[in-house]
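What follows is a single structure, written as structure tokens, with notes after it.
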Amino acid sequence: MFASSIIYFIPLSLIALIPGVYMAYITDLKGLIFADSMGVITILSVAFVPGFSVTTRKILFNGILYIISTTLLIYLGSYGPGLLYLLGVTIFVVLSMGKKYGYITLALNTFICIFIGFLLYFDTGKFEIVYQFQLDTWIAVSSNLIVLSTVAVFLVPILYDGLQSAILKENYLRTNLEMEDARLKRTVKELHDKNQELEQFSYSISHDLKEPLRMVKSFLGLLERKYKCQLDAKAHEYIHFAVDGAERMQHLIDDLLEYSRVGRTETDKVSVDFDRILADVQKNLSALIDQYDAEIHVDANLPEIFVYKNEVTRVFQNLISNGIKFHKAGVPPVVQVQCSDKNTHWQFAVSDNGIGIPDDKLNEIFEIFRRLNSKSEYPGTGIGLAICKKIVEQHGGEIWAESQMGKGSTFYFTLKK
Ligand code: ADP
């Protein structure tokens with residue numbers, strides 16, 4: 001603080017003191033020439049002469065301010081600026097050197113005021129102040145300086161400490177926040193990289209697994225065809241189980257591939273009319289709709305939204321086909337698609353009158369390969385909802401379900417506007 005004050009002080013004090021020296025020369029005020037010249041020399045020494053400690057520089061600097069103020073007061077009788085200088089020095093000393101030195105300046109100010117009081121009382125000395133002032137006026141004026149100096153010595157450190165601790169606290173918080181922010185960004189990036197790595201991994205694994213599986217299946221078929229007559233019924237049954245297992249595995253791998261392909265096939269979002277998407281979905285599912293005599297009701301005038309078209313189509317297709325598939329025995333499925341505007345996003349609801357889902361399973365069903373029903377009752381691999389979740393999250397939305405056992409389920413998902 002002291003260093004930066006001096007940097008500002010050098011040019012300002014030279015502007016003030018050098019013309020002062022010149023004017024004092026013209027008006028033959030020798031005392032002022034001395035005080036101003038001392039001022040210039042001391043300030044330049046404080047700033048530029050090497051070898052002094054900082055405390056010495058501070059003492060020199062404040063000392064010259066004292067000389068200037070007493071010159072103004074006593075020699076020139078210019079009590080206003082003189083007293084202001086004394087108050088200024090007190091504040092500057094408290095700020096740059098601490099409260100302890102503040103007491104010294106307070107004592108010095110009091111001493112100067114009493115000293116001048118004595119000069120006035122005894123009417124001695126050929127100083128301007130003695131010509132201009134009466135003792136009672138001086139007591140009234142100078143006591144103000146002493147009161148203000150006392151306030152400065154006690155108040156300035158409190159204000160300064162408060163300010164300093166607020167700044168330190170703010171700096172500490174800002175640094176912590178920046179560190180947390182950087183850490184969070186790093187973690188998000190790591191998570192993103194790991195996710196991509198994992199997706200790439202599952203994609204290549206499932207892709208590579210397909211070929212040996214195809215071989216297993218075709219050789220089992222070959223075995224069955226070529227050695228048909230030599231194999232007994234048990235052997236045929238085992239081959240049948242093995243082929244069935246291989247087929248199921250193939251479906252799982254296909255599903256896994258499909259899951260890892262989410263987000264890879266479409267590069268750009270486009271503005272899509274959702275009436276159109278729902279019409280396409282119903283066309284794609286027409287065989288299933290006819291098979292179960294299902295009714296599909298869709299809200300009129302669905303919005304146009306910026307999305308990955310094929311992926312959102314797939315979400316509706318999965319949810320509606322589940323609504324049809326998980327119907328109650330003997331009850332024709334009715335599926336309803338609704339849309340509501342939630343300010344920041346659109347919310348879609350696909351509800352059915354099917355078998356329902358137990359409350360404690362409502363979250364689990366979105367996990368990959370998670371199924372609640374037997375394959376013989378309701379075929380499927382358990383990937384559909386996991387794919388829906390991945391697609392919805394890629395659009396910055398959320399997906400969840402509500403259900404009542406035996407009455408039906410509603411699947412909600414949101415898409416950011
Ligand atoms: P899949 O349909 O191939 O079984 P999904 O991921 O689509 O796989 O669904 C996971 C499980 O969630 C289903 O096996 C079923 O138990 C349950 N489920 C999904 N949709 C419904 C629904 N509309 N009604 C009742 N249960 C459902």
Side-chain angles (χ1 to χ4, degrees), residues 199 202 206 244-263 277-278 281-282 284-299 310-339 347-395 397-414:
E199 273 178 16
S202 60
S206 32
D244 187 48
E247 264 166 9
R248 264 190 294 138
M249 194 160 167
Q250 193 155 13
H251 282 137
L252 289 177
I253 289 171
D254 285 343
D255 283 348
L256 211 58
L257 256 175
E258 205 183 324
Y259 181 79
S260 61
R261 271 197 202 116
V262 171
I277 288 195
L278 266 300
V281 169
Q282 290 183 71
N284 297 346
L285 294 177
S286 57
L288 195 71
I289 293 172
D290 291 346
Q291 184 186 345
Y292 292 104
D293 204 12
E295 280 178 39
I296 314 287
H297 303 290
V298 179
D299 266 5
N310 294 337
E311 308 218 318
V312 171
T313 308
R314 186 150 21 149
V315 172
F316 280 112
Q317 199 154 309
N318 286 354
L319 295 179
I320 294 174
S321 64
N322 275 355
I324 299 172
K325 184 166 73 173
F326 294 102
H327 67 276
K328 283 181 289 195
V331 179
V334 178
V335 178
Q336 181 129 16
V337 180
Q338 288 165 307
C339 172
Q347 181 175 298
F348 291 90
V350 179
S351 30
D352 61 56
N353 59 341
I355 56 173
I357 304 161
D359 272 354
D360 60 331
K361 305 283 188 238
L362 284 171
N363 288 329
E364 279 178 29
I365 51 173
F366 294 99
E367 286 167 18
I368 199 163
F369 297 138
R370 187 79 182 104
R371 308 198 72 244
L372 306 179
N373 310 92
S374 74
K375 212 166 256 112
S376 54
E377 256 185 309
Y378 299 101
T381 52
I383 197 90
L385 289 180
I387 288 180
C388 290
K389 185 170 157 62
K390 197 171 172 189
I391 293 173
V392 169
E393 285 176 355
Q394 261 173 3
H395 284 81
E398 282 178 90
I399 187 167
W400 69 99
E402 288 172 6
S403 185
Q404 268 191 298
M405 285 303 284
K407 290 206 166 159
S409 316
T410 303
F411 284 81
Y412 296 95
F413 70 92
T414 57

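Counting starts at 1 for both ligands and their atoms, in listed order.
The nearest heavy-atom contact from the protein to atom 20 (N) of ligand 1 is N322 ND2, 3.3 Å. At the shortest separation from atom 11 (C) of ligand 1 among protein heavy atoms lies R370 O, 3.6 Å. The single protein non-hydrogen atom nearest to atom 4 (O) of ligand 1 is R371 NE, 2.7 Å, given as residue, atom name and distance. In this structure, the protein non-hydrogen atom closest to atom 18 (N) of ligand 1 is F326 CE1, 3.9 Å. Considering only non-hydrogen protein atoms, atom 6 (O) of ligand 1 sits nearest to L385 N, 2.8 Å.
Atoms of ligand 1 lying under 4.0 Å from at least one heavy atom of G356, given by number and element, are 25 (C). Using a 4.0 Å cut-off to heavy atoms of S409, the atoms of ligand 1 that qualify are 24 (N). When each atom of ligand 1 is checked for a heavy atom of G384 under 4.0 Å away, the hits are 5 (P), 6 (O), 7 (O), 8 (O). Each of the atoms 6 (O), 8 (O) of ligand 1 lies under 4.0 Å from some heavy atom of I383. Within ligand 1, counting atoms from 1 as listed, the ones closer than 4.0 Å to a heavy atom of N373 are 15 (C), 16 (O). Proximity to L372 (heavy-atom distance under 4.0 Å) selects the following atoms of ligand 1: 14 (O), 16 (O). Within ligand 1, counting atoms from 1 as listed, the ones closer than 4.0 Å to a heavy atom of K325 are 1 (P), 2 (O), 3 (O). Close approach to G380 involves these atoms of ligand 1, each under 4.0 Å from a residue heavy atom: 3 (O).
To the nearest 0.5 Å, atom CD1 of residue I387 and atom CD of residue E258 are 4.0 Å apart. Atom CG of residue D299 and atom CG of residue L278 lie 9.0 Å apart, to the nearest 0.5 angstrom. Remark: Y412 OH to E402 CD distance equals 4.5 Å, nearest 0.5 Å.
The closest side-chain heavy-atom distance from V335 to L319 is not below 4.5 Å. Taking the side chain as every heavy atom from C-beta outward, I391 and F413 never approach each other to under 4.5 Å.
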Please assess F411 against I357 for the test side-chain contact (heavy atoms from CB on, under 4.5 Å), listing each intermediate value before the final yes or no.
-> CA-CA 11 Å; F411 284 81; I357 304 161; 3.7 Å; yes
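In terms of polar-atom proximity, defined here as any N/O pair under 3.5 Å, G382 does make such a contact with ligand 1. Annotation: P379 places no N or O atom under 3.5 Å from an N or O atom of ligand 1; distance criterion only.
At least one heavy atom of F411 sits less than 4.0 Å from an atom of ligand 1. Residue contacts with ligand 1 leave out G354, since none of its heavy atoms falls under 4.0 Å from the ligand.
Between the T381 side chain and the L252 main chain, no donor and acceptor come within less than 3.5 Å of each other. K389 contributes no side-chain N or O that, together with a main-chain N or O of I399, makes up a donor-acceptor pair within less than 3.5 Å.
Applying the salt bridge (Lys or Arg N to Asp or Glu O under 4.0 Å) test to every pair with at least one member in residues 355-369, sequence neighbours left out, gives these pairs: E364-R370.
Remark: N363 CG is loosely packed, at most 12 non-hydrogen atoms of other residues, nucleotides or ligands lying under 6.0 Å away. In K390, the NZ atom is crowded: over 12 heavy atoms of neighbouring residues, nucleotides or ligands sit closer than 6.0 Å.
The heavy atom nearest to atom 23 (N) of ligand 1, considering only I365, D352, V350, T381, is found in D352.
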Pairs under 3.5 angstrom only: tabulate donor-acceptor contacts from the side chains of residues 320-327 to other protein residues two or more places apart or in another chain.
from : atom 1 : to   : atom 2 : distance (Å)
S321 : OG     : Q317 : O      : 2.8
S321 : OG     : N318 : O      : 3.1
K325 : NZ     : P379 : O      : 2.8
H327 : ND1    : I324 : O      : 2.8
H327 : ND1    : K325 : O      : 3.4

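For I357, every heavy-atom contact with ligand 1 shorter than 4.0 Å involves the side chain, none the backbone.
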